[in-house]
Peer 1: 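Mind looking over this structure? Questions follow.
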Amino acid sequence: QVELVESGGGVVQAGGSLRVSCSASGRTFRPSAMGWFRQAPGKEREFVSTLRWSGGFTYYADSVKGRFTISRDKAQNTVYLQMENLKPEDTAVYYCAAGSSLITSTLRNADAYAYWGQGTQVTVSS
């Protein structure tokens with residue numbers, strides 16, 4: 001069984017920065033991809049960013065490209081999302097997700113990820 005635990009959410013002013021982290025535990029944890037989705041009140045869960053666990057290739061939603069950076073520490077089974085120049089529309093619960101055997105065409109699809117964290121709230125005030 002794989003458990004994902006997020007941390008690092010909080011409240012920040014527009015233009016500020018925040019980093020969220022996700023640590024994975026599980027004896028046989030070998031994801032093909034690990035990343036982040038978010039869900040704002042009254043909206044669908046949406047893709048934010050993900051990376052290929054072995055090769056480190058990264059993918060971003062257009063809305064965060066150039067402002068957010070995803071990275072990983074393979075030794076710690078941890079993925080990070082550094083968020084810069086935050087905007088009020090970035091306010092959401094941010095969920096960590098991991099999956100095995102994901103193909104490139106499904107990396108932005110929440111249904112393709114088998115494991116999810118409990119979510120961490122990010123609030124950007126204007």
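Throughout, numbering of the chain's residues begins at 1 and tracks the sequence.
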Peer 1: Between W53 and W116, is there shared hydrophobic-cluster membership here, with clusters defined by ILVMFWY side-chain heavy atoms closer than 4.5 Å?
Peer 2: no

Peer 1: When rounded to the nearest 0.5 angstrom, what distance separates SG in C22 from CD in E3?
Peer 2: 10.0 Å

Peer 1: Sort out for me which residue in V124, V20, D90 forms a side-chain contact (heavy atoms from CB on, under 4.5 Å) with M83.
Peer 2: V20

Peer 1: Linking I/L/V/M/F/W/Y whenever their side-chain heavy atoms sit closer than 4.5 Å, directly or via other members, would V64 and V12 fall into one cluster?
Peer 2: yes

Peer 1: Within the 3.5 Å criterion, strictly below it, is a donor on T91 or E89 matched to an acceptor on the partner's side chain?
Peer 2: no

Peer 1: Please tell me whether V93 and L18 are part of a single hydrophobic cluster in this structure, the criterion being side-chain heavy atoms less than 4.5 Å apart.
Peer 2: no

Peer 1: I'd like to know whether R67 forms a side chain to side chain contact (heavy atoms under 4.5 Å, CB included) with S17, so could you lay out the CA-CA distance, the side-chain angles of the two residues, the decisive distance to 0.1 Å, and finally the verdict.
Peer 2: CA-CA 9 Å; R67 300 188 298 122; S17 302; over 6 Å; no

Peer 1: Counting distance only, does the side-chain N/O of S32 pair as donor-acceptor with the main-chain N or O of S101 below 3.5 Å?
Peer 2: yes

Peer 1: Measure from the side-chain N and O atoms of R30 to the backbone N and O of S100, and report whether any donor-acceptor pair falls under 3.5 Å.
Peer 2: no

Peer 1: With a cut-off of under 6.0 Å to the ring centre and 45° to the axis, is R45 in cation-pi contact with Y95?
Peer 2: yes

Peer 1: If you round to the nearest 0.5 Å, how far is CG of L51 from OG of S71?
Peer 2: 7.5 Å

Peer 1: Roughly how far, to the nearest 0.5 Å, is the CH2 atom of W36 from the CD1 atom of I70?
Peer 2: 8.0 Å

Peer 1: Rounded to the nearest 0.5 Å, what separates atom CZ in R19 from atom OG in S7?
Peer 2: 8.5 Å

Peer 1: List the atom of Q121, the atom of T123, and the distance in Å for their closest heavy-atom pair.
Peer 2: NE2-OG1, 3.3 Å

Peer 1: Check whether Y60 and L86 end up in the same hydrophobic cluster, where Ile, Leu, Val, Met, Phe, Trp and Tyr are linked by side-chain heavy atoms less than 4.5 Å apart.
Peer 2: yes

Peer 1: Taking the six-membered ring of F57 as reference, does the NZ or CZ atom of R52 fall below 6.0 Å from its centre and within a 45° cone about the axis?
Peer 2: no

Peer 1: Strictly distance-based, threshold 3.5 Å: is any side-chain N or O of Q82 a donor or acceptor partner for the main-chain N or O of F68?
Peer 2: no

Peer 1: Below 4.5 Å, heavy atoms only, C-beta onward: do Y59 and T104 meet side chain to side chain?
Peer 2: yes

Peer 1: Examine distances only and state if a side-chain atom of Y94 and a backbone atom of Q39 form a donor-acceptor pair shorter than 3.5 Å.
Peer 2: no

Peer 1: Could you grab the distance from atom OH of Y80 to atom OG of S49, nearest 0.5 Å is fine?
Peer 2: 15.0 Å

Peer 1: List the steps, then state whether side chain to side chain contact (heavy atoms under 4.5 Å, CB included) holds for Y113 with L102.
Peer 2: CA-CA 8 Å; Y113 292 78; L102 276 78; 3.5 Å; yes

Peer 1: What distance separates M34 CE from C96 SG, expressed to the nearest 0.5 Å?
Peer 2: 4.0 Å

Peer 1: Minimum heavy-atom separation for R38 to A92, with atom names?
Peer 2: CB-CB, 3.8 Å

Peer 1: Do the side chains of L4 and F37 join up, straight or via other hydrophobic residues, at under 4.5 Å, putting them in one cluster?
Peer 2: no

